[in-house]
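Atoms considered below: every heavy atom in the structure, side chains included; atoms not considered: hydrogens, waters and symmetry mates. Order of appearance sets the numbers: ligands from 1, and atoms from 1 within every ligand.
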Amino acid sequence: QTGWTGLNERTFVAVKPDGVQRRLVGDIVHRFEKKGFKLVGMKLVQASEDLLKEHYRDLRAKPFFNGLIQYMSAGPVVAMVWQGLDVVKTSRKMMGETNPADSLPGTVRGDYCVEVGRNVIHGSDSVESAQREIALWFSQDELHCWEDHSIRWIY
Ligand code: RTP
C-alpha cells in the first residue's frame, strides 16, 4: 500500500462528440472504473464555442483550430473528472497518442478510431492543465467527495 500523498490527483477527461454519437461512453467510463480511478464529476454538456476556444487556447494558431472547435461543438460531450494516484499520466496512457495511427491496441484511440480529427477522447496533459480545465468545465458543487470503500483494495 502506498502513502496517501498523490491519491487526490485529479484529471479532466471528455468523451468527444464522436465518442458520444458512437455509443462509446459506457466503455470509456468502464475502463476508468476498472483501472481503479474514482469518478468525482460527470455531465453531458453541449459546449459553447467560447468554452472550447478557452479550453483549446494554446492551439489557436494551429491550422486545424477552427475545424477542432466545429468538431467539438457538433454535439454533446461527456465531461468527467477522475481522481487517483498518477491519474493524469495514466489517463493519457489509457487514451493512446493524439494520432490514432500511433496508438497501440488496448488504448481507447488504438481500439476505436482512425483519424486525428475524430479521436473520441480528451484528457488533460499535465496536473496544471487538469486544474485549469476542471475549473473551466465544472463548478465546485458539481465535484463530489464520496467515501470509496474499494480504496483499501486498490492502494
Ligand atoms: P486532446 O487535447 O484532445 O486530449 O488531444 P491531445 O492533447 O492528444 O492533442 P493536442 O495536440 O492538444 O490537440 C488537440 C486535439 O486537436 C485535434 N487535432 N487535429 N492535425 C490535425 O488535424 C489535428 N491535430 C490535433 C485532435 O482532436 C486533438 O485531440
Side-chain angles (χ1 to χ4, degrees), residues 6-144 154:
L7 269 55
N8 294 331
E9 184 173 304
R10 289 178 169 183
T11 195
F12 174 71
V13 173
V15 183
K16 294 180 176 181
D18 50 340
V20 174
Q21 298 291 331
R22 293 180 50 204
R23 313 298 196 255
L24 298 175
V25 173
D27 179 281
I28 289 169
V29 170
H30 202 195
R31 288 172 184 237
F32 281 80
E33 284 190 320
K34 286 187 293 182
K35 178 69 179 168
F37 293 132
K38 178 178 170 181
L39 182 64
V40 294
M42 177 158 76
K43 60 184 175 183
L44 182 70
V45 41
Q46 172 64 56
S48 68
E49 289 197 10
D50 284 349
L51 172 69
L52 293 166
K53 283 178 181 165
E54 179 58 24
H55 174 84
Y56 282 124
R57 66 182 182 187
D58 293 347
L59 301 176
R60 61 186 173 270
K62 300 280 184 189
F64 58 80
F65 183 74
N66 288 339
L68 174 60
I69 302 300
Q70 266 180 24
Y71 157 51
M72 289 295 293
S73 59
V77 307
V78 172
M80 298 179 277
V81 179
W82 289 91
Q83 181 172 309
L85 185 68
D86 290 324
V87 69
V88 171
K89 181 179 172 189
T90 307
S91 299
R92 298 280 292 186
K93 283 238 156 100
M94 290 165 66
M95 287 165 35
E97 301 299 320
T98 306
N99 186 348
D102 299 326
S103 301
L104 290 174
T107 64
V108 174
R109 288 167 176 162
D111 287 346
Y112 296 137
C113 54
V114 291
E115 203 200 289
V116 67
R118 297 287 183 272
N119 61 357
V120 306
I121 189 168
H122 163 80
S124 309
D125 63 6
S126 67
V127 171
E128 293 70 36
S129 330
Q131 286 165 354
R132 182 180 84 83
E133 293 171 5
I134 291 167
L136 184 63
W137 287 80
F138 285 89
S139 60
Q140 266 307 321
D141 63 1
E142 292 174 318
L143 300 173
H144 302 278
I154 292 170

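- Of all protein heavy atoms, the one closest to atom 12 (O) of ligand 1 is L59 CD1, 3.7 Å.
- Side-chain contact between H55 and W137: present, with at least one pair of heavy atoms (C-beta onward) separated by less than 4.5 Å.
- At the shortest separation from atom 28 (C) of ligand 1 among protein heavy atoms lies N119 ND2, 3.6 Å.
- You'll find the side chain of E33 reaches within 4.5 Å of the side chain of W82, heavy atoms only.
- Ionic pairing of R109 and E97 is not present here: no N-O contact between side-chain nitrogen and carboxylate oxygen is shorter than 4.0 angstrom.
- The protein heavy-atom contact nearest to atom 19 (N) of ligand 1 is F64 CD1, 3.6 Å.
- For the pair Q83/V40, a side-chain contact is recorded, criterion being any heavy-atom separation below 4.5 Å from C-beta on.
- The shortest side-chain heavy-atom distance between D27 and Y112 falls under the 4.5 Å cut-off.
- Residues T107 and M95 fail the side-chain proximity criterion, which asks for heavy atoms closer than 4.5 Å.
- The shortest contact between atom 1 (P) of ligand 1 and any protein heavy atom is with H122 ND1, 3.0 Å.
- One option in D125, L68, I121 has a heavy atom closer to atom 16 (O) of ligand 1 than any other, and that option is L68.
- Atoms of ligand 1 found under 4.0 Å from any heavy atom of G123, numbered from 1 in the order shown, are 4 (O).
- Within the set N99, V116, T98, the minimum heavy-atom distance to atom 11 (O) of ligand 1 is found for T98.
- By the 4.0 Å heavy-atom criterion, R109 is counted among the residues contacting ligand 1.
- The environment of K62 atom NZ is sparse: at most 12 non-hydrogen atoms of other residues, nucleotides or ligands sit within 6.0 angstrom.
- Every atom of ligand 1 is numbered from 1 in the order shown, and the set under 4.0 Å from a heavy atom of K16 is 3 (O), 27 (O), 28 (C), 29 (O).
- Numbered from 1 in the order shown, with element, the atoms of ligand 1 that lie under 4.0 Å from a heavy atom of R92 read 4 (O), 6 (P), 7 (O), 8 (O).
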